[in-house]
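Read the structure below first, then the notes.
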Amino acid sequence: MATATTAPHRGSARFVRGRTRPRIRVVHWAFAGPAAALFIVFFAYPLGASLYQSFTNDDGGTQTWAGLAQYRRMLHDPVFWKSLYNTGLLLIFQVPLMIGIALVLACVLNQSWLRFKGTWRIAFFLPSVTMLVAYAVVFRVLLKTDGGMVNQALGWFGVSPVDWLNNPVWARVSLIGTITWRWTGYNAVILLAGLQSIHREQYEAAAIDGAGAVTTFRKIVVPQLRPVILFCSITSTIGTLQLFDENFVLTKGGPDNATMTPVLYLYKVGFDQMDFSYASAIAWAVVLIIGVLSVIQFRFFGQSENTARDARKVSSGRRRR
Amino acid sequence: MSMRTSRRSVLRAGIGALAVAVTGGCATGGGAKKPAKSLNAQAQVTGSITVWSWDVAAKALKRLAPAFEQQHPGVKVNVVDIGYDNAYDKITIGLKSGAGLPDVLQVEGQKMQSYIGTFPSGFYDLSTLAGPLKSQFNAAAWATGTDAGGKVYALPWDIGPCGVFCRTDIFQQAGVDPGSIQTWDDYIAAGVQIKARTGKKLLVVDPTGDSTFPMLLQQEGQGYFVDGKIAVSTPAAVKAMTVMKELNDKGLVDYEKGWDALVSSNKDGNVATAPTAVWWSGTLTDEMPELKGKFSVIPLPAFTSGGVRTSNNGGSLLNISSQSKNSATAWAFIQFVLANSDNQVSMLKNEGIFPAFVPALSDPYITGPQDYYGGQTTFKTFADLAKDIAPVEYTGDYSKASDLVTTATSAVMQGGKDPKSTLDSTAQQIAAATNRQIAQ
């Protein structure tokens with residue numbers, strides 16, 4: 001499908017360029033120029049400047065070249081390592097949990113007997129576009145130790161109040177819960193798009209062969225969705241490594257750094273401690289880690305080309321219903 | 001869908017680096033140290049100025065601005081309440097990027113020391129004009145606006161002598177007399193009894209920005225640094241942290257994040273006390289007028305019987321950002337507001353801001369009885385305590401130390417860690433961040 005739509009377009013472009021080359025150049029730049037200028041000013045330059053800054057030391061308002069000193073400091077920084085450890089916990093527990101729930105949710109949303117489909121989809125997608133402030137207020141009210149709604153509800157079943165945000169273990173549980181609440185619907189919608197590209201005939205064939213719902217899910221849905229699941233896993237992994245919003249509003253990384261993540265830590269180092277050089281170094285360490293993890297994920301699944309193409313196919317796939 | 005998603009994830013990939021880069025990239029620093037600009041005393045007081053402040057402080061400035069404008073026809077003062085929770089993010093970005101700051105900034109004492117250390121060229125040098133006023137300001141407050149060489153960067157506004165605000169109705173219900181509390185051990189014992197009889201906790205602590213531990217430490221006469229060395233793991237520090245741990249272990253602490261949550265927890269009567277500075281009074285009268293007559297103030301409990309009964313918490317200054325194009329008017333306004341007994345006393349009356357300007361402390365309003373506190377001479381108590389405040393060392397590395405100590409406090413109180421070993425490790429982290437030695 002991809003070749004079918006792009007080929008004629010490519011041909012016509014070559015045709016036009018052959019005739020009026022110089023003018024098209026000007027027009028190209030007129031279109032690309034503003035975006036390119038914005039990119040250079042607000043993206044490329046700051047990136048370069050922060051890379052330079054990560055090799056400096058900020059001393060009394062003066063920047064001095066410090067080589068790799070900031071990166072060496074990171075190696076011996078217990079908080080940095082703890083933030084990576086916390087991220088690892090999230091990757092092991094939260095990402096599979098969320099993708100699993102999203103998959104089940106997507107299957108339910110894809111059922112032909114379901115009414116008010118659009119409403120359901122919007123309802124599940126909404127959390128991911130919720131304003132941070134509203135989100136913060138709601139969850140702090142829900143999770144308050146004394147008189148919070150979650151603890152009140154637990155109280156009806158005789159469970160004593162849980163210190164959701166002030167106990168290192170429960171704070172992590174709360175964080176996993178809130179991230180899952182916010183991003184499950186988002187992933188479910190992507191998976192749903194993937195589900196809709198599976199031919200109806202395959203379900204029918206499976207039904208004729210006597211497959212039940214569980215078998216169909218395991219033998220038809222999961223294998224067909226594999227590239228989309230991988231796509232969701234990779235974006236969720238990157239999202240986890242950049243986690244900031246949720247733990248910033250809930251716990252600001254506490255208690256005892258139990259919910260500290262690398263990006264929140266670099267914010268604290270930069271803005272609370274005013275140590276911008278070290279913060280820049282942490283930022284680049286995170287970039288490096290994300291890069292390495294992404295390469296590993298692609299290598300591990302061994303089909304980066306297919307994944308990218310399949311994901312694109314999913315997005316442009318016609319809704320078959 | 002997926003194209004949009006992937007483009008967004010690429011964007012997000014850069015955001016972490018960007019957040020720091022945007023502010024860092026356009027840094028004012030980079031070359032040699034620029035000296036701070038000096039004020040031009042001859043310049044005309046004219047035009048408009050903008051002031052950044054927050055909460056009751058902003059309210060006070062808004063109230064006083066019209067009088068200043070009347071004295072100087074044609075002058076306009078814009079006071080902007082930037083809110084406490086994001087104030088320092090905004091100011092830090094402005095200082096780092098060299099743009100976007102107003103003429104006059106409110107900054108708290110310890111933070112002012114950090115800014116002087118990190119951005120010495122970010123403010124006007126006020127030495128020539130403010131210098132002669134030194135003897136009229138509280139010495140501990142004055143020290144927070146000057147650098148090690150005695151250069152003046154800011155004029156002290158208020159000072160925060162500490163005591164304990166007690167909810168008398170809750171104390172009565174629990175059968176505890178606030179006046180009987182002499183030491184921190186007494187305080188904890190009172191808390192246990194209050195909790196047993198009323199179910200109320202004793203105090204609010206914000207684990208993400210605690211101010212109780214530094215208050216205890218200064219009560220013992222030291223800050224995070226002593227003679228330039230890191231002093232967060234000294235015996236005094238361990239002692240203070242042990243009090244914090246005990247408060248938690250006895251279940252006396254209500255943890256709240258952020259200023260608003262802290263205020264509403266007190267307003268709702270979740271806790272029986274607030275061990276904090278005199279400026280808390282402004283929040284009480286402003287936000288809890290319905291609780292009039294239900295508070296009394298005692299000096300801070302001592303560490304040992306007969307010991308120092310106060311400390312300092314906060315206290316702000318006003319400075320002139322070097323980005324100001326109208327420093328003469330800015331200075332005139334600062335002087336009008338701060339170096340003036342009538343205006344200082346009016347700010348205590350209306351907004352509960354306690355003057356660092358010493359002549360104001362002999363005003364009858366301060367020495368007389370207070371209506372809100374059921375006729376007690378509350379402000380006289382604080383004025384007397386203010387003389388006992390031990391001046392402590394902040395240094396330009398205060399922000400680094402403060403953030404790490406906050407984390408240590410959370411580790412001890414919420415993570416159940418041992419005070420001594422936690423503070424030892426904190427001292428090492430501060431050493432790695434500042435290249436300073438650790439005091440023995």
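FYI, side chains are in, hydrogens and waters are out, and symmetry mates aren't considered; it's all heavy atoms of this structure. Note on naming: letters A, B, ... go to the chains in the order of the sequence lines (proteins, then strands), and numbering restarts at 1 for each one.
In this structure, chain A has no heavy atom under 4.5 Å from any part of S402(B). Contact annotation for Y115(B): both backbone and side-chain heavy atoms come within less than 4.5 Å of a heavy atom of chain A. Neither the backbone nor the side chain of F80(A) has a heavy atom closer than 4.5 Å to any heavy atom of chain B. Looking at L250(A), the atoms closer than 4.5 Å to chain B (heavy atoms on both sides) all sit in the backbone: N, CA, C or O. Residue P262(A) does not touch chain B at all, counting heavy-atom pairs closer than 4.5 Å. Proximity to chain A involves both the backbone and the side chain of A433(B), based on heavy atoms less than 4.5 angstrom apart.
Residue with the most contacts toward chain B among R73(A), K144(A), K268(A): R73(A) (heavy-atom pairs, distance under 4.5 Å).
L404(B) contributes atom CG, which lies 4.5 Å from atom CD of Q273(A) (distance to the nearest 0.5 angstrom). Considering OG1 of T145(A) and OH of Y255(B), their distance stands at 10.0 Å, rounded to 0.5 Å. Rounded to the nearest 0.5 angstrom, F271(A) CZ and I91(B) CD1 are separated by 13.0 Å.
The backbone N or O of D256(A) lies less than 3.5 Å from a partner atom in the side chain of S410(B), making a donor-acceptor pair. In this structure, the side chain of K252(A) does not engage the main chain of K257(B) through any donor-acceptor pair within 3.5 Å.
In this structure, D272(A) and K111(B) approach most closely via the heavy-atom pair O-NZ, 3.8 Å.
In this structure, a donor-acceptor pair under 3.5 Å is present between the side chains of N166(A) and Q414(B).
A 4.5 Å side-chain heavy-atom check between D89(B) and Y267(A) finds at least one atom pair inside the cut-off.
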task: Might you work through the side-chain contact (heavy atoms from CB on, under 4.5 Å) test for T208(B) and T251(A), ending with a clear yes or no?
output: CA-CA 7 Å; T208(B) 64; T251(A) 55; 5.9 Å; no
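Judged as a side chain to side chain contact (heavy atoms under 4.5 Å, CB included), and not counting sequence neighbours, I40(A) has no contacts.
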